[in-house]
2 protein chains.
Amino acid sequence: MKASFSQFVKSAIPNFPVSDEGLNTIIDSLEEFELEKGEYFLKQGKISGSMILLEGHFRCYTFNENGDEVTTAFYGPPRLIFDVASFFQQKPSLENIIALTKIKGYYGNYQTVDKIFHEYPLWREFGRAMLAKEYILFKDRTMRLINLSAEERYAHLMQTEPEIFQIAQLRHIASYLNITDTSLSRIRRDFGSK
Amino acid sequence: MKASFSQFVKSAIPNFPVSDEGLNTIIDSLEEFELEKGEYFLKQGKISGSMILLEGHFRCYTFNENGDEVTTAFYGPPRLIFDVASFFQQKPSLENIIALTKIKGYYGNYQTVDKIFHEYPLWREFGRAMLAKEYILFKDRTMRLINLSAEERYAHLMQTEPEIFQIAQLRHIASYLNITDTSLSRIRRDFGSK
DNA sequence: GAAATGACTTGTCATAAGACAAGTGAGAGA
DNA sequence: TCTCTCACTTGTCTTATGACAAGTCATTTC
């Protein structure tokens with residue numbers, strides 16, 4: 001786990017000038033964290049903390065105007081997991097984040113993370129890079145939602161995160177692609193015949 | 001302009017412990033910036049800087065798979081303007097940001113902003129808050145795209161940013177709402193009769 | 001001031017996607 | 001083993017939205 005965390009930090013910021021001791025200090029400030037399949041990292045109405053996901057997958061969902069569940073994200077390791085609005089504004093979340101598989105990682109609430117940034121200012125740069133990275137990933141996804149057709153969005157998910165199809169239900173994948181499960185089923189049928 | 005900037009900083013981070021001198025130092029590090037209507041803040045293929053928009057409105061657009069222009073954002077003051085991916089990764093942007101009206105604000109490229117953060121570490125907190133705020137705003141917009149119907153998205157824009165209807169073309173508003181200009185026209189007709 | 005241009009609306013038709021119900025098939029549990 | 005449940009697929013019909021072309025209106029331009 002420590003090795004994965006170290007690797008994650010180094011890959012996130014190539015020239016990040018941090019020692020192994022520095023890494024250990026940060027890890028010791030955080031909480032080792034595990035969840036079983038079906039457990040929640042975040043529930044609607046609660047305040048989000050942050051975790052570095054090192055093993056396992058999450059699904060994130062909310063509810064639309066009709067009260068129907070809408071899957072807004074799938075997260076695989078290594079990744080920063082948090083609800084940006086709830087975390088930074090310390091207000092109740094509108095999101096639910098549920099474990100699709102067994103989860104391992106490191107956890108910190110806002111106070112913990114803030115304390116780390118005060119005590120180890122160097123790590124602010126890591127925090128900023130993480131925030132920017134998540135923003136960029138989220139924006140990419142939104143652009144695909146806007147610019148690609150339903151079938152293209154399906155093809156993209158198949159190419160970039162095929163493992164999702166092994167661990168998530170198709171109806172959740174459908175709502176993630178912003179289509180109905182009926183439509184996804186038909187896209188898959190037609191896709192196979194090409 | 002300086003007063004607006006000061007106000008913007010203070011409203012962005014309520015308890016930000018910065019003096020008027022501190023503010024002046026930052027302003028002096030940035031470049032006073034103006035654009036006329038129709039001029040570009042950012043063109044596809046160029047690397048994005050950042051600006052604090054204090055007067056005027058921008059429209060942001062890209063192109064979808066069919067080569068059709070898609071409006072992805074409208075920005076009004078006060079606001080941080082930048083393409084997050086292009087700015088932080090210093091890579092060519094996929095976006096175009098064009099002035100809908102005369103623009104005033106303060107500009108800095110990545111080097112300038114980075115220098116400010118090194119010389120005045122206190123301002124890192126401001127940078128982080130801005131980044132988080134933009135991320136949250138962008139996420140809100142995406143959630144509306146996912147969770148609301150076309151008509152609801154139109155109603156929301158009318159309620160929250162009616163000024164956009166004065167300064168932007170309906171076909172651009174339509175693509176911002178992710179519908180065709182034909183559909184927007186019909187929504188507006190039907191909406192009036194309610 | 002006539003013609004051209006551009007923004008927007010509207011009519012007509014085509015099409016993709018949704019709603020809903022029925023059907024299939026695998027796995028869980030008695 | 002039987003049946004129950006649940007995920008998924010499929011059929012049928014409906015509906016929202018898009019494509020495209022024509023029409024209106026205001027503004028610009030020569």
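Values below: every heavy atom of this structure, side chains too, minus hydrogens, waters and symmetry copies.
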**Request:** Please figure out whether A:L184 or B:S183 has its closest DNA chain C nucleotide nearer the 5' end.
**Result:** B:S183

Nearest-Å distance, [atom1] ([X]) to [atom2] ([N])?
X	N	atom1	atom2	answer
A:R188	D:dA7	CZ	C1'	12 Å
B:D190	D:dA16	CG	C1'	12 Å
A:D181	D:dT10	CG	P	13 Å
B:I146	C:dA17	CD1	P	17 Å
B:N178	D:dA16	CG	C1'	14 Å
B:Q169	C:dT5	CD	P	17 Å
A:L170	D:dT10	CG	P	12 Å
B:I187	C:dC8	CD1	C1'	15 Å

**Prompt:** Is any side-chain N of the basic residue among A:K102 and A:E55 closer than 4.0 Å to the acidic one's carboxylate O?
**Reply:** no

**Message:** Check this for me: does any side-chain nitrogen of one of B:R124 and A:E125 sit under 4.0 Å from a carboxylate oxygen of the other?
**Reply:** yes

**Item:** Candidates D:dT17, D:dG11, D:dA19 - which lies nearest the side chain of B:T182
**Value:** D:dA19

**Request:** Compare the minimum distances between each of D:dT10, D:dA7, C:dG11 and the side chain of A:R189, then state the nucleotide with the smallest one.
**Result:** D:dT10

**Request:** Kindly say if B:T180 contacts the phosphate of D:dT17, meaning a side-chain N or O under 4.0 Å from OP1 or OP2.
**Result:** no

**Aromatic plane relationship, B:F88 with B:Y110 - under 30° parallel, 30 to 60° tilted, over 60° perpendicular** = perpendicular

**Message:** Just verifying a value: how many Å separate A:D83 CG and A:I47 CD1, rounded to the nearest 0.5 Å?
**Reply:** 10.5 Å

**Asked** Is any side-chain N or O of B:R186 under 3.5 Å from a base N or O of D:dT15, one able to act as donor and the other as acceptor?
**Response** no

